[in-house]
Amino acid sequence: MAELPDLTVFALTLNRKFKGKRLKKLEIFIAKKLNVTSLELQKRLENQVLEKVDRVGKTLQFRFGKSEVLGLHLMLRGELKEVSKDQQLPPNAILSFHFTGGIGLAVTDSLKQATATLKPAENIVPDALDIKESDFIALLSKKSKKIKTLLMDQKLIGGIGNSYADEILWDARISPLSIANKIPNQAAKKLYKSISDVLEIAISAMKKENKGELRGELRDFMNIHGANIKKSPTGKRIQSEKINGRTAYFTEEQNFYG
DNA sequence: GAATATGTTTAAAT
DNA sequence: CATTTAAACATATT
């Protein structure tokens, strides 16, 4: 699925392609994950101008007109696909936006779990790229859960999923099994830096790779996370273990604190 | 065909 | 009671 870097680049691309255009038609094929009726959603958004697309945590927020906001979460398998007027829709379409000029955007999801939320709740969770170092350190000291679980907890920090959690923890040389409040200050500071380092590098790599077009997520440049990756960049064997039902990939280079 | 991958919600355990 | 962990959800891909 898409994590913070993918979504950040998606937002850039969507702004480039659709910002300032009027939504002529909104088609809803699966309404199960909407928080309002299809009719209400269409009524609120159709004929409004798309002002901006922002990433908020793992969601995209589409701002229409003066005050309408649609939050979109792609969940496990959601994808965004550009569609043109007379083109047939991609499989598993949930929504399709048709803008002036004959260009459009389809949201697909084979699992049908992607959610579209009109007027999403105000986000009070700090974003992984915005959180202050002092707040991050304070957060770690309050929690006795595994560090990887903490990084992925969207109620604590926004934007990091299973893949990037592994990449970040390797970069910081901290074992994913470490207990958050047992991580010494020095290592916690390094972890804080690794979060922005790893995410920023991924964002710029994806910008380059996607060339301003909408594509799926890219993980070609993952160093650690992936069943087919055998060795870390430093040549150490990668091992794996389930943490809360998700596979964590890591190496012996990573220090365990706990 | 069983195992794997994935994020969130809900249920269970500590 | 608060906090942490496991299970459930569903299906394309390996």
Worksheet entry | Nearest-Å distance for atom pair NZ/C1', residues Lys32(A) and dA10(C) | 9 Å
Item to complete: Report yes if at least one side-chain N or O of Lys242(A) is closer than 4.0 Å to OP1 or OP2 of dA6(C); otherwise report no.
Response: no
Worksheet item: Crowded around Lys24(A) NZ? As in, over 12 foreign heavy atoms under 6.0 Å?
Response: no
Worksheet entry | Nearest-angstrom distance from the residue atom NZ of Lys33(A) to C1' of dG7(B) | 11 Å
Worksheet, complete the sentence: Rounded to whole Å, NZ of Lys155(A) lies from C1' of dT4(C) at a distance of 13 Å
Worksheet item: Given dT3(C), is OP1 or OP2 found less than 4.0 Å from the side-chain N or O atoms of Lys145(A)?
Response: no
Discussion item. Checking contacts here: which listed nucleotide (dG7(B), dT9(B), dT5(C)) is nearest the side-chain heavy atoms of Lys146(A)?
Written reply: dT5(C)
Practice prompt. Output the single nucleotide from dA12(C), dC9(C), dA5(B) whose closest atom is nearest the side chain of Tyr249(A).
Written response: dA5(B)
Item to complete: Give the nucleotide from the list dA5(B), dA8(C), dA10(C) with an atom nearest to the side chain of Leu76(A).
Response: dA10(C)
Worksheet item: Is Gln154(A) touching bases, backbone alone, or none of the nucleic acid, heavy atoms closer than 4.0 Å?
Response: sugar-phosphate
Item to complete: Assign the ring pair Tyr249(A) / His225(A) to parallel, tilted or perpendicular, where the plane angle (0 to 90°) is split at 30° and 60°.
Response: perpendicular
Item to complete: Whole angstrom is fine here: how far is it from CD in Gln113(A) over to P in dA5(B)?
Response: 17 Å
Discussion item. On the nucleotide dT3(C), are OP1 or OP2 found under 4.0 Å from the side-chain N or O atoms that Ser144(A) carries?
Written reply: no
Discussion item. OP1 or OP2 of dA10(C) versus the side-chain N and O atoms of Lys112(A): is any pair under 4.0 Å?
Written reply: no
Item to complete: Could you tell me whether the side chains of Arg63(A) and Gln61(A) share a donor-acceptor contact shorter than 3.5 Å?
Response: yes
Item to complete: Mark yes or no for whether Ser178(A), through its side chain, and Tyr257(A), through its backbone, hold a donor-acceptor pair below 3.5 Å.
Response: yes
Worksheet item: Among dT4(C), dG7(B), dA12(C), which is the nearest nucleotide to the side chain of Lys143(A)?
Response: dT4(C)
Fill in: For atom CD1 of Ile147(A) and atom C1' of dT3(C), their distance in whole Å
16 Å
Discussion item. I need the CG-P distance between Asp6(A) and dG7(B), as an integer number of Å.
Written reply: 11 Å
Fill in: Sugar-phosphate, base or nothing in reach of Thr247(A), heavy atoms under 4.0 Å
sugar-phosphate
Worksheet, complete the sentence: Assign each of Leu111(A) and Gly245(A) the nucleotide of DNA chain C bearing its closest heavy atom; nearer the 5' end lies the nucleotide of Gly245(A)
Discussion item. For a quick test of reading the model: is some side-chain N or O of Thr149(A) closer than 4.0 Å to OP1 or OP2 of dT4(C)?
Written reply: no
Discussion item. Could you tell me if Asn244(A) and Lys146(A) have a donor-acceptor pair between their side chains, going purely by distance under 3.5 Å?
Written reply: no
Item to complete: Take atom CG of Asn244(A) and atom P of dT8(B), then tell me their distance rounded to the nearest Å.
Response: 14 Å
Practice prompt. Could you state the atom-to-atom distance from CZ of Arg246(A) to P of dG7(B) in whole Å?
Written response: 6 Å
Item to complete: Please determine if a side-chain N or O atom of His73(A) lies less than 4.0 Å away from the OP1 or OP2 oxygen of dG7(B).
Response: no
Discussion item. As a quick check of understanding, evaluate salt bridge (Lys or Arg N to Asp or Glu O under 4.0 Å) for Lys193(A) and Asp171(A), giving each step before the final call.
Written reply: CA-CA 9 Å; Lys193(A) 187 168 184 302; Asp171(A) 191 79; over 6 Å; no
Discussion item. Counting only side-chain nitrogens and oxygens, does Ser163(A) get under 4.0 Å of the OP1 or OP2 atom of dT6(B)?
Written reply: yes
